[in-house]
Amino acid sequence: MRLEKFVSASTGLSRKEAGRAIRAEEVFIDGVMCKKAATAVTEKDSVSWLGQPLQIIGLRYLMLHKPEGTVSSTEDPVHPSVFMLLDEPKPDAIHCVGRLDVDTTGLLLLTDDGKWSHRITSPKKNCAKTYLATLADPLTGDDFERVRSEFANGVMLRGEETPTLAAQLEAIDANQFRLTLHEGRYHQVKRMFAAVGNKVVALHRESVGSLVLDSDLAPGEYRHLTPDEVASFD
Ligand code: URA
């Protein structure tokens, strides 16, 4: 690979900026300054820029504990973006795997691997997502059983043509419930509870597929997934 490409692929600099850094005598190969952008380098060469050793940035797979009040898009006129929480080279290459509402907390996956995120979000895959929902009104006894069975059979949401897929509802206490969905429609959890006359006042995503939010991650913190965690969506 050309030195210029290597520097670009390992720093987030554009090719042009990488070329400039090389000509500015900022880049060294095996301790020797190299001013030629076309120099061939391999993984075995140790390349450094401004004294920092460089490594090609591979695909990234991140688990973020999304805090309340952040948006899953890159820009918002009012709220900070989750991307401000990342300390990654080439942040522009990273996208959220599905979205969470601004007031929803919990597990948000991010990656720069489009195929991987498609495997998780594709409607054909029915990937399970589990949410903890706190409701405005208590839901107990026969009322709970009725809602549990409605959710298991599918609910017709306003403006939609097909009922929701079977979802599993579990009571934690009178106002808190664990809901597992196998699809991802717009504001789905809130709309499902609204369809049965209740209101979600707090929502937290606990898991996606077999991946559970790491309890070591405080809101706003993230970590890279392990290779096994990445492969769990294959
Ligand atoms: N369902 C919702 O209503 N909101 C979310 O953020 C995620 C699922």
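Numbers here are sequence positions counted from 1. Order of listing sets the numbers, starting from 1, for every ligand and every atom in it.
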In one Ile/Leu/Val/Met/Phe/Trp/Tyr side-chain cluster, 4.5 Å: Ile56, Val47: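 Hydrophobic grouping puts Ile56 with Val47.
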May I ask whether Val200 and Leu139 are part of the same hydrophobic cluster, defined by side-chain heavy atoms of I, L, V, M, F, W, Y residues being less than 4.5 angstrom apart, directly or through others?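 Yes; tracing contacts between hydrophobic side chains, which count when under 4.5 Å, links both residues.
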Which ligand 1 atoms does [X] reach within 4.0 Å, using its non-hydrogen atoms?
{"X": "Asp101", "result": "2 (C), 3 (O), 4 (N), 5 (C), 6 (O)"}
{"X": "Lys190", "result": "3 (O)"}
{"X": "Gln188", "result": "1 (N), 2 (C), 3 (O)"}

Looking only at distances, please establish whether an N/O atom of ligand 1 is found under 3.5 Å from an N/O atom of [X].
{"X": "Arg99", "answer": "no"}
{"X": "His187", "answer": "yes"}
{"X": "Thr104", "answer": "yes"}

How far is atom 1 (N) of ligand 1 from its nearest protein heavy atom, and which residue and atom is that?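 The closest heavy atom on the protein side is Val189 N, 3.1 Å.
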Can you establish whether the number of heavy atoms outside Gln55 located under 6.0 Å from its atom CD is more than 12?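 Open: at most 12 neighbouring heavy atoms sit under 6.0 Å from CD of Gln55.
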Does the residue Tyr131 have a heavy-atom contact with ligand 1, meaning some pair of atoms that are separated by less than 4.0 Å?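 Tyr131: in contact with ligand 1 (<4.0 Å).
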What do we get for Leu203 next to ligand 1 when only non-hydrogen atoms under 4.0 Å count, side chain, backbone, both or neither? side chain
Under 4.5 Å between any side-chain heavy atoms of Glu160 and Arg191, yes or no?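 Of all side-chain heavy-atom pairs linking Arg191 with Glu160, at least one is under 4.5 Å.
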Run through the side-chain heavy atoms of Ile, Leu, Val, Met, Phe, Trp and Tyr, join any pair under 4.5 Å, and report what else lands in Val32's cluster. none
Which label fits Phe177 and Phe193: parallel for a plane angle under 30°, tilted from 30 to 60°, or perpendicular past 60°?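 Ring orientation of Phe177 relative to Phe193: tilted.
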Residues 215-223, side-chain donor-acceptor partners within the protein, below 3.5 Å, at least two apart:
residue: Glu221; atom: OE1; partner: Ala218; partner atom: N; Å: 3.0
residue: Tyr222; atom: OH; partner: Asp87; partner atom: N; Å: 3.0
residue: Tyr222; atom: OH; partner: Asp87; partner atom: O; Å: 3.2
residue: Tyr222; atom: OH; partner: Glu88; partner atom: OE2; Å: 2.8
residue: Arg223; atom: NE; partner: Asp214; partner atom: OD2; Å: 2.7
residue: Arg223; atom: NH1; partner: Glu229; partner atom: OE1; Å: 2.9
residue: Arg223; atom: NH2; partner: Asp214; partner atom: OD2; Å: 3.4
residue: Arg223; atom: NH2; partner: Glu229; partner atom: OE2; Å: 2.9

